[in-house]
Amino acid sequence: MSLKHATTLIKSLCARGVVRHARAVFDEMPDRDVVAWTAMLSGYASSGCHREALDVFRRMLAAGVVPNEFTLSSVLTACRGGGGAALIHAVAVMRGVDHMPYVVNALIDAYASHGDGLVDARRLFEALGGRRTAASWTSMIAGYVRWGQENTGLQLFQNIIQDDVELSPFTCSIAIHACASVGNLCFGQQIHVLSIRKALGVNLAVANSLVDMYCICESILEARRLFDEMPERNLVTWNTIIAGSSRCDPLMAMQLLVDMNLEPNCLTLTSITSACAGLAALRCGQQVHGAVLRRNYGDDLKISNALVDMYSKCGSISNAKKVFNMMNCKDIVSWTSMIGGYGMNGCANEAIELFNSMVHAGVHPDHVVFMGLISACSHAGLVDEGWNLLRDAERSL
DNA sequence: TACCCCGAGA
């Protein structure tokens, strides 16, 4: 097989999601040029195997192959969330490719994916001036949104609208997500209108983020209307509307599960467990628990937390305790659910005892735990214990 | 051969 044919095969295997097979072809190649190395590297990077991608990059350098602008933008994808962007930036400068559009965009993205790289990302973004593309805008806005600066991100998005820059579905869904995070329903609706005008409303990612935004902003009816109008839906769509409705309309969440024409996953079942909790539907909850175990989701932290909460709210404290004790990894939510469960089932002493175990286990209590405990004491008439906890809370929070 | 997107819990 020629070098060119092998590289084409690597590309197509990666695109089909069988990176392992691509690697087998790659390993069999007698000699490899920069294109072959880059195809393998980008295959790993785009399927989220960042460690493997960086490893291929190191081996490529060790083999004396000189990286080009394609290689560097691919390897920058593998630097997302970790460090290393500055190092690749230096290599890009040395190779004289640091001003090439794809490389700059990949640099902005890699810097912005790291909390303290936002300033570096913004510097590159500003220097781009009129050469900014949709990817530059998206990476910059996404960086702000990811690090809790949603409003700065939304201000940048405002510039896109004013300057009439071509709007991409990527940018659009990030901005909608930012609106959801800060609860800015009004701006979210404006982006909704804009997305329809720019013919982006049919894009699945845009529509999914709109459904999510309406759910989070407590406009469940609007979310449902949009969901019903969508010509195409995927698992994310279903999980978004089910999660949204499980909070304010659990019966609708159950009905949606029945209508769902896709196989539910762990996230779906977590939301359905909460819906059962909201309805205090023990029988249903037990069936969901069975489905969770059959699908081997029993070790998932979030679903276990939801099960503890569901059994507590259905009054089955013994089952809640069973799930809680089976968990081999617990977070503050697990403890809160179980402590709150004891409280709402009139077992205030057990709640206090478990709270002590929690502190003993080194978990720092937050205001939700104290609320649950103090409410447990008030229901059980444990006035002194309640006052003591209130003092503990004041000291601890 | 390359950069940017959407989902859950107390």
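All figures in this text were calculated on a predicted structure; none of them were measured in a lab.
Enclosure of atom CD in A/E218 is not indicated, since only 12 or fewer non-hydrogen atoms of other residues, nucleotides or ligands lie within 6.0 angstrom. Heavy-atom contacts from other residues, nucleotides or ligands closer than 6.0 Å to CD of A/E28 number 12 or fewer.
Protein chain A touches strand DNA chain B; the 5'-most and 3'-most nucleotides with an atom under 4.0 angstrom of its non-hydrogen atoms are B/dT1 to B/dA10.
Side chains of A/W147 and A/L118 form a contact here, defined as non-hydrogen atoms less than 4.5 Å apart.
A/A243 comes within contact range of the sugar-phosphate backbone alone, with a heavy-atom separation under 4.0 Å but no base atom that close. In this structure, A/L267 reaches the bases: a heavy-atom distance under 4.0 Å links it to at least one base atom across the strands shown. Note on A/L301: a base of the nucleic acid sits closer than 4.0 angstrom, heavy atoms only. Nucleic acid contact for A/R80: sugar-phosphate only, since backbone atoms but no base atoms lie under 4.0 Å from a heavy atom of the residue. Contacts of A/R233 with the nucleic acid, taken as non-hydrogen atoms under 4.0 Å apart, are absent. Contacts of A/N305 with the nucleic acid, taken as non-hydrogen atoms under 4.0 Å apart, include base atoms. The residue A/K11 sits close only to the backbone: its heavy atoms come under 4.0 Å of sugar-phosphate atoms, none of a base. At a threshold of 4.0 angstrom between heavy atoms, the contacts of A/D33 with the nucleic acid are absent.
Salt bridge absent: A/R391 and A/E394 never bring a charged side-chain N and a carboxylate O closer than 4.0 Å. In this structure, A/D228 does not pair ionically with A/R225, as no charged nitrogen and carboxylate oxygen lie closer than 4.0 Å.
Only A/V333, A/T336, A/S337, listed by number, bring a heavy atom of residues 332-353 of chain A to less than 4.0 angstrom from any atom of DNA chain B.
Judged by distance alone, the side chains of A/S168 and A/T171 do bring a donor and an acceptor atom under 3.5 Å apart.
Each of A/I317, A/V333, A/N305 was scored for a side-chain contact (heavy atoms from CB on, under 4.5 Å) with A/M338, with one residue passing: A/I317.
Taking the six-membered ring wherever Trp is involved, the centroid distance between the rings of A/W37 and A/F26 falls below 6.0 Å.
Applying the side chain to side chain contact (heavy atoms under 4.5 Å, CB included) test to A/D55 and every residue at least two apart in sequence or in another chain returns A/R58, A/R59.
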